[in-house]
Amino acid sequence: MTGLRFNGEERLESENAALLALVECCERSDTWSSLTNECLVEGSAIRVLKHRMDPSHNPLREGEYMPGIGQGVLFDMPDISSVEYAAKARVAWNQAKRQIAQWREQGLDLVSVFDNRFPFRLRSVVDVPPFLFAKGTLLADDPGVGVVGSRKCSPDGARFACDTARMLCERGLTVVAGLAEGIDSYAHRTALELGGRTVAFIGTGINRCYPPFNRELQRSIEQRGLILSQFWPDSPPTKQAFPMRNALISSYSLATVIVEASEHSGTRILASQAQRQGRPLIFRDTVLENTAWARE
């Protein structure tokens, strides 16, 4: 989908606030991505939020979003009191407006799917996040390749990651990884050393650093590349966050190189996500030799 253009920052901020309110009021039949896709189809988070608050007086645009088709029913209104939802949503909407103002005062850069700066490759996948927080230089069109693999990598794996990052930089491509220990860190550092561009997706909020010993590397990427997070600014690392982060690495990238991985590596999840997104995977020969899932 192409960027949604709004007249002025005030309109964009209003849409962002409505989008955050929808996320805060997320019901069990919703996911953040399903909410985001509904807003993209409708062309407005404000219209979607008003529809959920009072569906009889705020119908969605006819024919553009049909519950039960494609991804299925995202929000079963008859099972939920619209009066109860409306009260909850009004509070969340007002809180979101204040929160956005606070983030701006703190120097945090909120980039929603309604913002023309939002990476367009992310917008094209079904599990698109509703927003990102960014530190660094954000490019809507940023041709890059993911370089990922084991945290406890071998010396050969580390060399291969560095060689891959060097080749990408020489061709003017961005090195995309997850700021993890091991393969990801070697790829990021090589790109920085060569004066290339690197983007790091992190599994925490933008105000945090994980792993802690990569704090200086994270700061260097902020200054000379880009850090992106899909989580609330102070969110801690969680078990669920890292597969979500991996999905963005593969969807942001033109392709992903898997440098090193074991049979039960978390990289297997990223490979599965990339296939679902239609993104190419490039396996190092040792990954193909040592893992059944890479050969499938």
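Along the sequence shown, residues carry numbers from 1.
Between Arg98 and Gln95, the closest side-chain pair of non-hydrogen atoms falls below 4.5 Å. No side-chain heavy atom of Pro143 sits less than 4.5 Å from a side-chain heavy atom of Thr174. Contact annotation: the side chain of Phe118 never approaches that of Ser112 to less than 4.5 Å [non-hydrogen atoms, C-beta and beyond]. At least one side-chain heavy atom of Leu248 sits less than 4.5 Å from a side-chain heavy atom of Leu132. Contact of the Ser185 side chain with the Leu217 side chain is registered, since non-hydrogen atoms from C-beta on lie closer than 4.5 Å. Residues Asn58 and Arg47 are not in side-chain contact: their nearest non-hydrogen atoms beyond the backbone lie 4.5 Å or more apart. Counting only heavy atoms from C-beta outward, the side chains of Ser44 and Phe114 never approach each other to under 4.5 Å.
A distance of 6.0 Å or more separates the ring centres of Tyr252 and Phe120. Here Phe131 and Phe133 bring their ring centres to under 6.0 angstrom of each other.
Checking side-chain atoms of Arg245 against main-chain N and O of Gly178 turns up a donor-acceptor pair under 3.5 Å. Remark: side-chain polar atoms of Thr198 are paired, donor with acceptor, to backbone N or O of Val175 under 3.5 angstrom. In this structure, Arg197 contributes its side chain and Val176 its backbone to no donor-acceptor pair below 3.5 Å. When atom types are taken as modelled, the side chain of Ser235 and the backbone of Phe231 share no donor-acceptor pair closer than 3.5 angstrom. Listed for the Thr190 side chain is no donor-acceptor partner under 3.5 Å among the backbone atoms of Ala165. Counting only distance, with no hydrogens or angles, the side chain of Arg284 and the backbone of Glu260 share no donor-acceptor pair below 3.5 Å. Side-chain atoms of Arg208 come within 3.5 Å of backbone atoms of Asp234 as a donor-acceptor pair (strictly under, hydrogens ignored). Using a distance-only test at 3.5 Å, with no hydrogens or angles considered, a donor-acceptor pair links the side chain of Ser34 to the main chain of Thr31. At least one donor-acceptor pair under 3.5 Å links the side chain of Trp293 to the backbone N or O of Glu263.
Leu60 is connected to Tyr85 through a chain of hydrophobic side-chain contacts under 4.5 Å among Ile, Leu, Val, Met, Phe, Trp and Tyr, so both are in one cluster. Transitive grouping of hydrophobic side chains (ILVMFWY, heavy atoms separated by less than 4.5 Å) brings Ile206 and Ile221 into a common cluster. In the hydrophobic clustering of this structure, Leu122 groups with Leu281; members are Ile, Leu, Val, Met, Phe, Trp, Tyr whose side-chain heavy atoms approach within less than 4.5 Å, directly or through other members. Clustering ILVMFWY residues whenever any of their side-chain heavy atoms sit less than 4.5 angstrom apart, transitively, puts Leu254 in a cluster other than the one holding Val148. Val257 and Leu179 fall into different hydrophobic clusters, where Ile, Leu, Val, Met, Phe, Trp and Tyr side chains are chained together by heavy-atom contacts under 4.5 Å.
Within 6.0 Å of atom NZ in Lys135, more than 12 heavy atoms from other residues, nucleotides or ligands are found, so the atom counts as buried in its surroundings. Annotation for Tyr210: atom OH does not count as buried by contact number, only 12 or fewer foreign heavy atoms lying within 6.0 Å.
Asn16 contributes atom CG, which lies 5.0 Å from atom CD1 of Ile100 (distance to the nearest 0.5 angstrom). For the atom pair OG of Ser56 and NE2 of His51, the computed distance is 9.5 Å after rounding to the nearest 0.5 Å. One finds the CD atom of Gln218 at 9.5 Å from the NE2 atom of His188 (value rounded to the nearest 0.5 Å).
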Checklist entry - Could you walk me through whether Thr137 and Arg224 pass the side chain to side chain contact (heavy atoms under 4.5 Å, CB included) check? => result CA-CA 8 Å; Thr137 304; Arg224 299 162 56 192; over 6 Å; no

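Between Glu193 and Arg189 there is no salt bridge, since no side-chain nitrogen of the basic residue lies less than 4.0 Å from a carboxylate oxygen of the acidic one. By the 4.0 Å N-to-carboxylate-O rule, Arg151 lies too far from Asp184 to be salt-bridged with it. In summary, Lys88 and Glu24 do not engage in a salt bridge, as defined by a charged side-chain N under 4.0 Å from a carboxylate O. Look at Glu13 and Arg104 and you find a salt bridge, because one of the NZ, NE, NH1 or NH2 atoms lies within 4.0 Å of a carboxylate O, short of that distance. Using a 4.0 Å cut-off between charged nitrogen and carboxylate oxygen, Arg52 and Asp30 count as a salt-bridge pair. Glu222 and Arg219 are not joined by a salt bridge, as no carboxylate oxygen comes within less than 4.0 angstrom of a charged side-chain nitrogen.
No option in Ser250, Ser272, Ser253, Ser124 other than Ser250 meets the side chain to side chain donor-acceptor pair (under 3.5 Å) test with Gln277.
Pairing each heavy atom of Arg121 with each of Asp141, the nearest pair is NH2-OD1, 3.4 Å. Between Arg276 and Val126 the shortest heavy-atom distance is NH1-CG1, 3.6 Å.
Ring geometry for Trp32 against Trp232 counts as perpendicular: the plane angle is over 60°, on a 0 to 90° scale with 30° as the lower cut.
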